[in-house]
Amino acid sequence: MSAAASNVLLERYFFAPVGAGSFAAGSPSVAEGRAGSRKRGVAVQLQCQLQGQKIKAARFLAWGCPHSIAAASWLTEKLTGLSLDEASGVGAMQIAAALKVPADRLGSILVLEDALAACLENARSRRHVW
Amino acid sequence: MSAAASNVLLERYFFAPVGAGSFAAGSPSVAEGRAGSRKRGVAVQLQCQLQGQKIKAARFLAWGCPHSIAAASWLTEKLTGLSLDEASGVGAMQIAAALKVPADRLGSILVLEDALAACLENARSRRHVW
Amino acid sequence: MAGLTMGSRMIYLDYAATTPVDAQVIELMNQCLGEDGDFANPSSLHGPGLAARARVEIARGHVAALLGAGSEEIVFTSGATEADNMAIRGGALYQAHRGRHIITSRSEHRAVLDSCKALEKEGFEVTWLSPAEQGRVSVAQLREALRPDTTLVSLMHVNNETGLIQDIQSLGALCREQGVLFHVDAAQSAGKLPIDLGRLPVDLMSFSAHKIYGPKGIGALFVRREPRCNLFPVMFGGGQEQGLRPGTLATHQIAGMGKAFELAATRMQADQARLVGLRQRLWQGLQKIGGVSANGALESCAPNILNVSFQGVEGESLMFGLTGLALSSGSACASSNREPSYVLRALGLDDQAAQASLRFSLGRSTGIEDIDAALAMLEEQLKRLRELAPPWVQ
Amino acid sequence: MAGLTMGSRMIYLDYAATTPVDAQVIELMNQCLGEDGDFANPSSLHGPGLAARARVEIARGHVAALLGAGSEEIVFTSGATEADNMAIRGGALYQAHRGRHIITSRSEHRAVLDSCKALEKEGFEVTWLSPAEQGRVSVAQLREALRPDTTLVSLMHVNNETGLIQDIQSLGALCREQGVLFHVDAAQSAGKLPIDLGRLPVDLMSFSAHKIYGPKGIGALFVRREPRCNLFPVMFGGGQEQGLRPGTLATHQIAGMGKAFELAATRMQADQARLVGLRQRLWQGLQKIGGVSANGALESCAPNILNVSFQGVEGESLMFGLTGLALSSGSACASSNREPSYVLRALGLDDQAAQASLRFSLGRSTGIEDIDAALAMLEEQLKRLRELAPPWVQ
Ligand SMILES: Cc1ncc(COP(=O)(O)O)c(C=O)c1O
Ligand SMILES: Cc1ncc(COP(=O)(O)O)c(C=O)c1O
């Protein structure tokens, strides 16, 4: 319903987002990262369910522009099956390119990148406990 | 073909002018008056064929706006049968009222009045000769 | 009633941005276009020109009649934007020898705001009133702002984003008392609320045809004759429209505006009564969904507009999600850029709340089933997007 | 060919005042008006808005294509009058820091003359060139008028009264060489003469739709991008048209203009060749009647216009007598008042000769039989009025 409507991937991940939701909180195998705020116009929560070094599954919650929601969804799909090291190689530019995010929306993607970083950081810090 | 087109008398006397033309020049029974010029935008020539004190017939030639042509024609009709004294009672205001001449065209009618005055003056001056 | 749906069940609820042109208006416009119609230049003195001129003057009469104005007080323009520019710029420049202070409010249409800002750059002083609750400017507030060098006050009748109705009667009375020109942008009120310029203390009033089922690209400025209101022209040329607005008169556009105003005169009461009912249904439905607040008390707003803030969702995603609804999140003009509505900001909303607001504007073809379908779509998207939002976001 | 006759055999020979709208243009306009059409606001971001926006951009492409311009260089306005105002006022104000001298000619359209006069009142200096033979401005004349503080030159392409074609290529080259903005009013030439803005040294060019079978009330200004030409806006508001021209985009008007320009591109050559022939027939017929002189050499004038002075008749009576002909004695804009044409005066005609001049302007529906019928009417009235004139009048 805007000029962006011709972006097929954007529409798919926005209207039928995979990975939407969250895992039961407090599980030791779930790492979580948050970034953004209402004031910034974007807020993302990313969770990864770990199996050893691997991301078995990922979930997101997002509040923000359509690109931020779609990108968060796309990211959960992307992360699934990656090792933590591989996951930390996924950056804002790759996400933006995949979803054809316009330049003026890169800010939202950077917030998403922050959430991923926080989540991976959280995952690594948890590994000590196991 | 202008805003004045709704003026029936104007149209009648403009498109089918009675009294158009001139009498053979130099006849002792024909008085003539001229007024106006190209520069003024109106020029009228009025001739009266006299029979004693009476105007037996009148003719005009006119160059100017539609009102001036129609008014000159109307005047020749009006003059026919009048005595010279009666004729000198016919003035610009009467002509203008009869043809519903708008205020911004009264100048043309004043030229016509001048032509009438000159014609009657000429008529009176000729009476001495007879 | 059929409801105005387009393509794959698109429900149009953006009548305040623009309306479809009424079938009777279209028919009349078509009579002024082609070889067999009155296509000639209304300034030409030949027969076809006079026929076109007659069309123009009939239309002028209809516009004047709806407003209780004299025909000679109606100047056709290319729209309300141009009328606003003419009134504000033209009025201020004409009065510049008396003073260089003008007054307006922060929630005016951009045509007014930007006209005032342009004058500011040229050395005029502008007082920008901050409307109080719901966007209303009070007489006391205006009185306080008036100065000996104030020459013009510009305040809109009905706000295009919230629908708020300004009390132009009282505000105008104060202006008249102080000998200050009073301009009112009535683009959103003409044909929707009764306007009687025979009684209203208004010197200049702007109108647009395309907000009431007339064509886009045509409007008018009311310029009072008694007491006479003089303007400096903003455009120069062929001397049309009493020297105030040059350019070949667009017969079909003017005729269309005249017809639209003529139709509004007969339909206004019934139309608006029906819209009050539909808006009520919409508002009740929204309240049932929950997490909503109206930007403006319904009874203070024009019956065709309902502006609502939605809690717990981000505005752009809400709009993007509502693929079946054609409506605006800000004013239509502002909606090409992503800045939050300055009108809602002026009402005290923060950026996010302003952005998560929708303007529902209803019109002649809106039916009950459109309202119900819109509510169903809203409910679905609101539920989905609220569930997607992290609970820790305020 | 049928010929455009109205009511009781009215022959329309006033295509330079305005043209009827082409049937294909009307059809397209109608697709943008009603509920089932693309009536939405082209600035709205919803589906219907985007559909309307697409119509606008397609039209912009057609206008640009006819002129060899880029789409982004076309700004839609309410007509050539507004475009002239924007170019002259906007250009002069933007450049005011560099200088306050502008140059134009005495035979421009009133939109240009009056825009320049308004600037004169605001402290700008204007050099009013007196065109030489036939209304032509020479490069030498322009060179002499240029000063270090000259910022803008405005000269028209085709004169609306005489049809004279100005050598804008050479005049523009001089302006470019001197770093001076060059504005050209092309209301009478677009779609009639080839214009290639890719090559022409013109910075700003004004257009109107209703002179080439498009609707009245819509036009455009070409604003060159390279080298970039900047303007100060003359109207302020919603930011449409790159901030240069506010107001809701009138989709049907813009679409209509686009179609008219698209059609002109395909028809121009054939149309004009035909008109050259018809004009030749008219001119030969007039010469046979006698007592006529052409105001402008035919080969220097646009093929659709023939301006003729008639000896021995007064102008208003000639017009009044020609009930079956719809044509102009001056420019259409000037024809509401009775002042003799200032363009013809500038050519050296006295008041009476200027007034006893007719502008014949031919168009797509003009046929041979229209020319012959017009000649018969002219012969009859000329004979009659000349006989009515006292022989002692010069
Ligand atoms: C209050 C108000 N004023 C002015 C305008 C501009 O009107 P127009 O599109 O006729 O220029 C609008 C609508 O866009 C409006 O809502
Ligand atoms: C040369 C010229 N410029 C400007 C105009 C004005 O055009 P518009 O009627 O589109 O404002 C005209 C026609 O009236 C014209 O002939």
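Below, read A as the first sequence line, B as the second, and so on, with proteins coming before strands; counting in each chain starts at 1. The analysis underlying the following values was restricted to heavy atoms, covering all of them including side chains, and did not include hydrogens, waters or symmetry mates.
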Side-chain contact, heavy-atom cut-off 4.5 Å: [X] with [Y]?
X: D:Glu161; Y: D:Ser328; value: no
X: D:Pro246; Y: C:Arg110; value: no
X: C:Gln24; Y: C:Leu263; value: yes

Under 4.5 Å from any heavy atom of chain C - which part of [X]:
X: D:Asn85; value: side chain
X: D:Leu249; value: backbone
X: D:Asp84; value: neither

Given the options [options], which has more heavy-atom pairs under 4.5 Å with chain D than any of the others?
options: C:Lys117, C:Met86, C:Arg89, C:Glu82; result: C:Glu82
options: C:Gly49, C:Ala80, C:Ala111, C:Gly217; result: C:Ala111
options: C:Val25, C:Thr81, C:Leu33; result: C:Leu33

How are the rings of D:Tyr15 and D:Tyr213 set to each other: parallel, tilted or perpendicular (split at 30° and 60°)?
tilted
Does any donor atom in the side chain of C:Thr18 or C:Lys211 lie under 3.5 Å from an acceptor atom in the other side chain?
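No donor-acceptor contact under 3.5 Å links the two side chains.
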Testing the 3.5 Å rule here: is there a donor-acceptor pair between the side chains of C:His252 and D:Gln253?
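D:Gln253 and C:His252 do have a side-chain donor-acceptor pair below 3.5 Å.
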Please look at C:Asn30 and chain D and tell me whether the side chain, the backbone, both or neither of the residue comes under 4.5 angstrom of a heavy atom of that chain.
side chain
Contact part of C:Ser208 toward chain D, heavy-atom cut-off under 4.5 Å: side chain, backbone, both or neither?
neither
